[in-house]
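Only a predicted model underlies this, so the values are computations on that prediction, with no experimental measurement involved. Numbers restart at 1 for each chain; the letters A, B, ... are given by sequence-line order, proteins then strands.
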Amino acid sequence: MKTSDIPNALIDWFARSGRALPWREDDFPAWGTLVSEFMLQQTPVARVIPRLAEWLERWPTPADLAAEPSGEAVRAWANLGYPRRALWLHRAAVQITEEHGGVVPRDVPTLLALTGVGDYTARAVAVFAYGDRHPVIDTNGRRVIARAIHGQAEPGPPRAAADLADMAALLPEEREAARDFNVAIMELGQVVCTARSPRCEECPIRSACAWVGAGSPEYFGPTKTVQATYAGSDRQVRGLILRELRAAHLPVTGVEISGLWADRVQLDRALAGLLADGLAVESQGGYVLP
DNA sequence: AATCCGTGGTT
DNA sequence: TAACCAAGGAT
């Protein structure tokens, strides 16, 4: 197999063994695609599936969500993590309702103007919801390209323009094939060409893989910045506070919050951060979701 | 441009 | 078990 055979080989493989995920169903609404992409930003597929179903049942359209306080979005976000995304999704729903007649935009630049929508999400919606032809590149696709094309074990830090150009160079001309390839390369990166212990024996493009061809050399190059230890971090403290606000339907008092964490300085910093981010607001001598 | 932002499963 | 990792985005 040659490099130029990779797109079709992945499309065929996906048709055979791609998983049936909710957002891959026929006639899945564009709003559902947008919500799923927000939820999938740094949160694994398995944890998103149940929350997405609840969300779309409660808020079937952007206008339904926009009509509620943003705190309800934060509450429904539950334990998906990075709750700012819930706030941003609510804001995007308001923008869609007020500026786009309640219809999820189709153009990439218009999508990019929505709060919380970046380069990946904008293209994902244009391609997966509307079937347009654009390269979509995420962490999975970057890893597949790093290995199969560049012969490197890891992709290194993201470089937006170069990553997009790599994907564009592989993208089939025809719309439907382009969409299918975009989905397939992400799926391969997620279930076969994984970050740790890739399953090369099962890989449909193994015979074209530059990395395998080079003997699967170790990665040497710029490394990603390591994620700070979670235990004891501000993130953990913010999470503890927000968990209380989500569970409560009355204001949470300062006394109740002070019982959540021993380090008063860190606790105050975390609470101030939540207030600054708009994830918490003062009300009646306590704190509530916005 | 480097850092910050949650949470829980996997190795 | 500690470290790694996850369909990123904003500042």
(request) Consider only side-chain N and O atoms of A/Arg143 and A/Gln152, and report whether a donor and an acceptor are under 3.5 Å apart. (result)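 No, no side-chain donor-acceptor pair sits under 3.5 Å.
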Counting just side-chain N and O atoms, does [X] come under 4.0 Å of either OP1 or OP2 of [N]?
{"X": "A/Arg143", "N": "C/dA6", "result": "yes"}
{"X": "A/Thr121", "N": "C/dG9", "result": "yes"}
{"X": "A/Arg246", "N": "B/dT7", "result": "yes"}
{"X": "A/Gln190", "N": "C/dA7", "result": "yes"}
{"X": "A/Arg238", "N": "B/dG6", "result": "yes"}
{"X": "A/Gln42", "N": "C/dA6", "result": "no"}
{"X": "A/Asn79", "N": "B/dG6", "result": "no"}
{"X": "A/Tyr230", "N": "B/dT7", "result": "yes"}
{"X": "A/Asn140", "N": "C/dA7", "result": "yes"}

(request) For nucleotides B/dG6 and C/dT11, find the distance between their P atoms and express it as a whole number of Å. (result)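 It comes out at 14 Å once rounded to the nearest Å.
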(message) Taking the P atom in each of C/dA7 and B/dT3, what is the distance between them to the nearest angstrom?
(response)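 So the two P atoms sit 24 Å from each other.
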(request) For A/Ala76 and A/Arg51, work out which heavy atoms get closest and say how close. (result)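 In terms of heavy atoms, the two residues are closest at O-CD, 4.1 Å.
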(request) Provide the closest heavy-atom pair for A/His100 versus A/Thr110 in the form atom of the first, atom of the second, distance. (result)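 Smallest interatomic distance, heavy atoms only, reads CE1-CG2, 3.4 Å.
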(message) Closest-nucleotide mapping onto DNA chain C: is A/Leu40 or A/Trp88 further toward the 5' terminus? I mean the 5' end.
(response)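 On the 5' side of the pair lies A/Leu40.
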Would you classify [X] as touching base, sugar-phosphate or nothing, given that sugar-phosphate means primed atoms plus P, OP1 and OP2, and contacts are heavy atoms under 4.0 Å?
{"X": "A/Ala124", "result": "nothing"}
{"X": "A/Val117", "result": "sugar-phosphate"}
{"X": "A/Pro158", "result": "nothing"}
{"X": "A/Leu80", "result": "base"}
{"X": "A/Asp119", "result": "sugar-phosphate"}
{"X": "A/Thr139", "result": "sugar-phosphate"}
{"X": "A/Gly81", "result": "base"}

Could you state the [atom1]-[atom2] distance from [X] to [N], rounded to the nearest angstrom?
{"X": "A/Arg85", "N": "B/dC4", "atom1": "CZ", "atom2": "P", "result": "18 Å"}
{"X": "A/Arg47", "N": "C/dG8", "atom1": "CZ", "atom2": "P", "result": "13 Å"}
{"X": "A/Met186", "N": "C/dG8", "atom1": "CE", "atom2": "C1'", "result": "12 Å"}

(request) Mark yes or no for whether A/Asp5, through its side chain, and A/Met1, through its backbone, hold a donor-acceptor pair below 3.5 Å. (result)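 No.
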(message) Taking the side chain as everything from C-beta on, heavy atoms only, tell me whether A/Leu21 gets closer than 4.5 Å to A/Ile49.
(response)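 When only atoms from C-beta onward are counted, A/Ile49 and A/Leu21 do touch, with a gap below 4.5 Å.
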(message) Between the base of C/dA6 and the side chain of A/Gln227, is there a donor and acceptor pair under 3.5 angstrom?
(response)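 Yes, the side chain and the base share a sub-3.5 Å donor-acceptor pair.
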(message) Can you tell me whether the side chain of A/Thr43 and the base of B/dG6 have a donor-acceptor pair closer than 3.5 Å?
(response)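 Looking at the base of B/dG6, it does pair with a donor or acceptor on the side chain of A/Thr43 (distance under 3.5 Å).
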(message) Do A/Trp88 and A/Val108 sit in one hydrophobic cluster, given that two such residues count as connected whenever their side-chain heavy atoms are within less than 4.5 Å of each other, even indirectly?
(response)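 Looking at the clustering, A/Val108 is in a separate group from A/Trp88.
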(request) Take A/Arg196 and A/Leu240, find for each the nucleotide of DNA chain B with the closest heavy atom, and name the residue whose nucleotide sits nearer the 5' end. (result)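 On the 5' side of the pair lies A/Leu240.
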